[in-house]
Q: 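I'd like to ask you about the structure that follows.
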There are 2 protein chains.
Amino acid sequence: MSEKVFASAQEVAARAGVSRSAVSRTFTPGASVSAETRRRVLEAAEALGYHVNELARGLMRNESGIVCLIVSDVATPYRSHLLCELTLLLQNAGKVAMLINTDRSNGSVDRALRQAIRYRADASIILSGMPDKSIAQLCLRSGQRLVLINRDDEEPGPLRINLDDYEAAGRIVTAFVRAGCRRLAFANSEAGTPSLMARERGFVAAASALGIEVFVERHGWTGYEAGKAIAQRMLTRAERPDAVFCATDLLACGFMDTARHQFALSVPNQLCLAGFDDIEQASWSSYNLTTFAQPVSAIASKAVEWLSHPQPEDDSTSQGQSIRLHAELVWRGSIRGG
Amino acid sequence: MSEKVFASAQEVAARAGVSRSAVSRTFTPGASVSAETRRRVLEAAEALGYHVNELARGLMRNESGIVCLIVSDVATPYRSHLLCELTLLLQNAGKVAMLINTDRSNGSVDRALRQAIRYRADASIILSGMPDKSIAQLCLRSGQRLVLINRDDEEPGPLRINLDDYEAAGRIVTAFVRAGCRRLAFANSEAGTPSLMARERGFVAAASALGIEVFVERHGWTGYEAGKAIAQRMLTRAERPDAVFCATDLLACGFMDTARHQFALSVPNQLCLAGFDDIEQASWSSYNLTTFAQPVSAIASKAVEWLSHPQPEDDSTSQGQSIRLHAELVWRGSIRGG
DNA sequence: TTGTAGGCGTTATCAG
DNA sequence: CTGATAACGCCTACAA
């Protein structure tokens, strides 16, 4: 008995005494059905526990309503925040989110995308650091729309959303120097993602323009533990830095904790610190970290907006669109002055 | 031209010079195809860029491979951690995760579930605090399997995974008393979810058994800010508590921060603190919080395991299964002694 | 506005 | 092991 679970439009039609097309139209927004027919259909549907089968609908329409979210490090504050925002907006736009969790292994994103294709996802949003080339190719061939967040791929076709990482990093140099710091350092991970590297380059370049040489350390992966490890190394150097820009808030939290608890340094008196992302923890009073805010809501809404927009396929160049958002400096207490 | 995007099994068959059934079998694990046929099919598929259409497959098989994750507060450390673990295991099990983000509005979970049904999800995993009754009804009627995590619904049918919240809370009373604390308090949110309330009841009961009356404060929602607010209230009381059990690590972090930075209290010397969840931040050296670990991996694997398991439908009682996992006390530095 | 007919891409079934 | 055929549940013409 457990076989026949769902009622089909067919059965609803029979019960309502109308044709199956009438049922179909009732559940298709913007179709013409008389009020009376609609009422009877709805009643029959309710009685039978009818639910539109999106699988079949997607098959017909060549449009599944599925948007694939390809993301690594889901449990990270910044990523989960973005994920949250994205799913909310997607739902409001009548789409549904399929979450694919990629690890750092090679070809991971590729496999994920292939899965998305099998479910005929209308689009994919990639917020995963790993580079995995030829993705756009795959997407284009399968008619998927693609949004790349904080990646630097030069592939044509998709929408690319990026921040002004390079410029932001420059601005923090000014802040450090104004606070009287001269021994600048940059704490980065070995992940080497485009945005991370842009921050590094921007920081080094801006300092260099002021005649300051930056000590750069790259270590481990972009998390709290890596921040601790980097602090360990940097703060035992003969020439200890008096200002450190961390590529990420998570790194900054780790850095700050070992600076304080292990090296008994006072922030910001003896050491100025800044991060990037403005994760929730940055505002916690134990850290009170000066940092750059990822415009998470803006990123999410730009992405979903573009997806909901009817595609301007006419554009023969099809070069894709690139959006550059501003990372606002959030001034807190980890840099002197202000 | 942009209409015809995908090659169908039909076309692959034509190119490979076999029947479409042969193509189907090639892509169905455990079907019998000769090596030669398989090779030719695979070659043609590759050339044509063929990808199985899971929509059509799901339509036929009455099994979409989709598992719906219904979750609120995705951006929270504990939730995102669980989400991460779950999606990973699901993927390994050959399923795909559909993420539905519920807010705290009423009927939110209900709408979510309805969406899941429309996509003919094979199962739903609910890790959302909101109670929303009659969910099991809806699921059962639609043949979905259901996993309830940290909820207390007495509904029949689904798998329920819970912790020994009540007992755990009792154990922390012992720890506090052993540390010499006598003025115990419990910090809770107003969310009132079953697990939160179980912790409260367990704490109060165990203290009561020792002749200690617990001061309970419930305020706001289960986050860092609420923890700060509760600390604000509790620590200005005439009879200031010397040990506080927070229903959640997030609450504990907020509590600890205002206790230290605003009331200049030393933890654990003047104030003992404990939390629940063992989120990553609890181990950060600024907090070093003694807390109970959510067995996230175990929860996730139990859930996915049960989902992958062929359902023992025979069980006429169909009372569902209830799994009770142990929350291990993680001893750190926020309670004296140890 | 309504009903009829045909097809979307797949898998199950059953002969060969 | 292989190939034809019939569903699966829906939508989109087209004709009434």
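Quick caveat: nothing in here was measured; it's all calculated off a predicted structure. Letters A, B, ... are given to chains in the order of the sequence lines, protein chains preceding strands, and every chain is numbered from 1.
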Q: Using a 4.0 Å heavy-atom cut-off across all strands, classify A:F27 as base, sugar-phosphate, or nothing.
A: nothing

Q: With sequence neighbours excluded, tell me which residues meet side chain to side chain contact (heavy atoms under 4.5 Å, CB included) with B:L42.
A: B:T26, B:F27, B:R38

Q: Salt bridge check: are A:E11 and A:R15 linked by an N-O gap of less than 4.0 Å?
A: no

Q: State which residues pass side chain to side chain contact (heavy atoms under 4.5 Å, CB included) with A:L59; sequence neighbours excluded, sorted by chain then number.
A: B:N53, B:A56, B:L59

Q: Which residues pass the side chain to side chain donor-acceptor pair (under 3.5 Å) test with A:T87, sequence neighbours left out?
A: B:N101

Q: Taking only N and O in the side chain of B:R61, is any of them less than 4.0 Å away from OP1 or OP2 of D:dC8?
A: no

Q: Figure out the CE/C1' separation between A:M60 and C:dT10, and round it to whole Å.
A: 15 Å

Q: Does D:dC10 have its OP1 or OP2 closer than 4.0 Å to a side-chain nitrogen or oxygen of A:R57?
A: no

Q: For residues B:I70 and B:I125, determine if any side-chain heavy atom of one lies less than 4.5 Å from a side-chain heavy atom of the other.
A: no

Q: I need the CG-C1' distance between B:N53 and D:dC10, as an integer number of Å.
A: 14 Å

Q: Are any of the side-chain nitrogens in B:E36 or B:R39 under 4.0 Å away from the carboxylate oxygens of its partner?
A: yes

Q: In whole Å, what is the span from the CD atom of B:Q10 to the C1' atom of D:dT5?
A: 13 Å

Q: Could you check how far CD of B:E11 sits from C1' of C:dG9, rounded to whole Å?
A: 11 Å

Q: Considering just the side-chain nitrogens and oxygens of B:Y50, establish if one lies under 4.0 Å of OP1 or OP2 belonging to C:dT10.
A: yes

Q: Pick out the pairs of N or O atoms, protein on one side and nucleotides 1-3 of chain D on the other, that lie under 3.5 Å.
A:
from  : atom 1 : to    : atom 2 : distance (Å)
D:dC1 : OP2    : B:S32 : OG     : 3.0
D:dT2 : OP1    : B:S34 : OG     : 2.7
D:dT2 : OP1    : B:T37 : OG1    : 2.3
D:dT2 : OP2    : B:S34 : N      : 3.0
D:dG3 : OP2    : B:S19 : N      : 3.2
D:dG3 : OP2    : B:S19 : OG     : 3.2
D:dG3 : N7     : B:R25 : NH2    : 2.8
D:dG3 : O6     : B:R25 : NH1    : 3.4

Q: Rounded to whole angstroms, how far apart are CD on B:E63 and P on D:dG9?
A: 15 Å

Q: With each end axis built from five pairs of C1' atoms, what bend angle do you get for the helix from C:dT1-D:dA16 to C:dG16-D:dC1? Round to 10°.
A: 30°

Q: Is there any salt bridge (charged side-chain N to carboxylate O under 4.0 Å, His left out) pair reaching into residues 52-63 of chain A, and which pairs are they, with sequence neighbours excluded?
A: A:E54-A:R57, A:E54-B:R118

Q: Write down the distance between CG (A:L59) and P (C:dG6), rounded to a whole number of angstrom.
A: 19 Å

Q: Closer than 4.0 Å, any side-chain N/O of B:S24 to the OP1 or OP2 of C:dT11?
A: yes

Q: Return the value, rounded to whole Å, for the distance between atom CG of A:L55 and atom P of C:dT11.
A: 13 Å

Q: If I take atom CD in residue B:E54 and atom C1' in nucleotide C:dT11, what distance separates them, rounded to the nearest angstrom?
A: 12 Å

Q: Would you find a donor on one side and an acceptor on the other, under 3.5 Å apart, between the side chain of B:T76 and the backbone of B:Y78?
A: no

Q: If you round to the nearest 0.5 Å, how far is OG of B:S124 from CG of B:L146?
A: 6.5 Å

